[in-house]
Amino acid sequence: MASTVADVAKMIDHSLLRPELTSEDVRAGCDLAARYAVASVCVKPCDVALAATRLEGTGVSTGTVIGFPHGSSSPGIKAAEARTAVSKGARELDMVLNIGRLRGGDDEAVIADIRAVVEAAPGTVVKVIFENAYLSDAEKIRACRLSEQAGAAYVKTSTGFAPGGATLADIRLMRANVSERVKVKAAGGVRTLDVLLEMNAAGAARFGATATAAMLDDLSGRLARTGVATVRGDFSTDRRTGPDR
């Protein structure tokens, strides 16, 4: 179906997770996100209150990360992180599952880990990061099924800090192994509009990105050159994002 620049913007979680970012960098990133009306800004836990205040009234959600970037914190610590983040204004939580437990075949531990965050933050969008660079296809499939069983809203490819990021093959695999209730988020290496559009067509509904302005400006330019207001593609935007959430 056809989609506008605004629709594509609502697929993007603008990422502000680099460890060297200052408070002023976060303010500037939030202002950029508000200007482009993206889905959310994903900030470090220490920046949640700052981002939530900066984004108030903009329609852009504040998100943060849990157990980031290795997923090795205990479920209790992850739950405490989630409660703290929500109390400071986070409405979306991107948690890293326990990679070692998944690879070791301890499915009960993986479910308990994810469920601890889901139950600590009722009404909050929880996205489970797999870190696919470390997983086999069989492990990715198990991660999809366990994440859905534990109540996650999204499954996500990567943190952006591992040796590899999102791939088309992984997007297709993940989309095929969760129900329609669960969305797929691509992160790590989504730096161009063409990559975003291709991954959206493969089944990704949300994208973690730092090149937000470049991608949306590129789309605006293409549409202006063709004299139309929409671009054709399979745009499965998650309509739960927006000012009400």
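Quantities reported herein were computed from a predicted structural model and do not represent experimental measurements.
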List for me each residue that meets side-chain hydrogen bond (donor to acceptor under 3.5 Å, both in side chains) alongside [X], sequence neighbours excluded, and say none if there are none.
X: Ser23; answer: none
X: Lys44; answer: none
X: Arg27; answer: Glu24

Who pairs with [X] by side chain to side chain contact (heavy atoms under 4.5 Å, CB included), at least two apart in sequence or on another chain?
X: Arg115; result: Ile111, Glu119, Gln149, Ala150
X: Val118; result: Ile114, Val126
X: Thr192; result: Asp194, Val195
X: Ala52; result: Thr62

*Taking atom CZ of Arg35 as the centre, does the number of heavy atoms from other residues, nucleotides or ligands within less than 6.0 Å exceed 12?*
yes
Using atom types as modelled, flag every donor-acceptor pair under 3.5 Å from a side chain in residues 209-216 to any protein atom, sequence neighbours excluded.
residue	atom	partner	partner atom	Å
Thr212	OG1	His14	ND1	2.8

*Only pairs at least two apart or in different chains count here, so list each ring-ring contact (aromatic ring centres under 6.0 Å, His included) that has a residue in residues 72-115.*
none
Would you say [X]'s side chain and [Y]'s backbone share a donor-acceptor pair under 3.5 angstrom?
X: Glu131; Y: Thr159; value: yes
X: Ser179; Y: Arg181; value: yes
X: Thr64; Y: Val43; value: yes

If we only count heavy atoms from C-beta on, is the [X] to [Y] side-chain gap below 4.5 Å?
X: Arg145; Y: Glu148; result: no
X: Val41; Y: Leu55; result: yes
X: Val65; Y: Pro45; result: yes

*asked:* Determine whether Lys10 and Asp7 satisfy the following criterion, salt bridge (Lys or Arg N to Asp or Glu O under 4.0 Å), listing intermediate values before the conclusion.
replied: CA-CA 5 Å; Lys10 282 300 180 192; Asp7 289 329; over 6 Å; no
*Supply the atom-to-atom distance Ile141 CD1 to Met174 CE, rounded to the nearest 0.5 angstrom.*
11.0 Å
*Spacing of Ile77 atom CD1 and Ser72 atom OG [to the nearest 0.5 Å]*: 11.0 Å
*Could you list the residues that satisfy ring pair (Phe, Tyr, Trp, His ring centres under 6.0 Å) with Phe68, not counting sequence neighbours?*
Phe161
What pairs of donor and acceptor atoms, side-chain ones from residues 95-105 against any protein atom, are under 3.5 angstrom apart with sequence neighbours left out?
residue	atom	partner	partner atom	Å
Asn98	OD1	Gly100	N	3.4
Asn98	OD1	Arg101	N	3.0
Arg103	NE	Tyr134	O	3.4

*Please check if any side-chain donor atom of Thr22 sits under 3.5 Å from a side-chain acceptor atom of Asp25, or the reverse.*
yes
*Val155 and Asn177: side-chain contact (heavy atoms from CB on, under 4.5 Å), yes or no, with the steps?*
CA-CA 10 Å; Val155 291; Asn177 285 284; over 6 Å; no
*asked:* For residues 77-88, which residue pairs pass the salt bridge (Lys or Arg N to Asp or Glu O under 4.0 Å) check, not counting sequence neighbours?
replied: Lys78-Asp113
*Yes or no on salt bridge (Lys or Arg N to Asp or Glu O under 4.0 Å) for Arg222 and Asp218, after CA distance, side-chain angles and deciding distance?*
CA-CA 6 Å; Arg222 294 187 196 190; Asp218 184 9; 3.0 Å; yes
*Can Asn132 and Thr157 be said to form a side-chain hydrogen bond (donor to acceptor under 3.5 Å, both in side chains), step by step?*
CA-CA 6 Å; Asn132 284 343; Thr157 62; 5.2 Å; no
*Considering only NZ, NE, NH1 and NH2 on the basic side and carboxylate oxygens on the acidic side, decide whether Asp94 and Lys185 come within less than 4.0 Å.*
yes
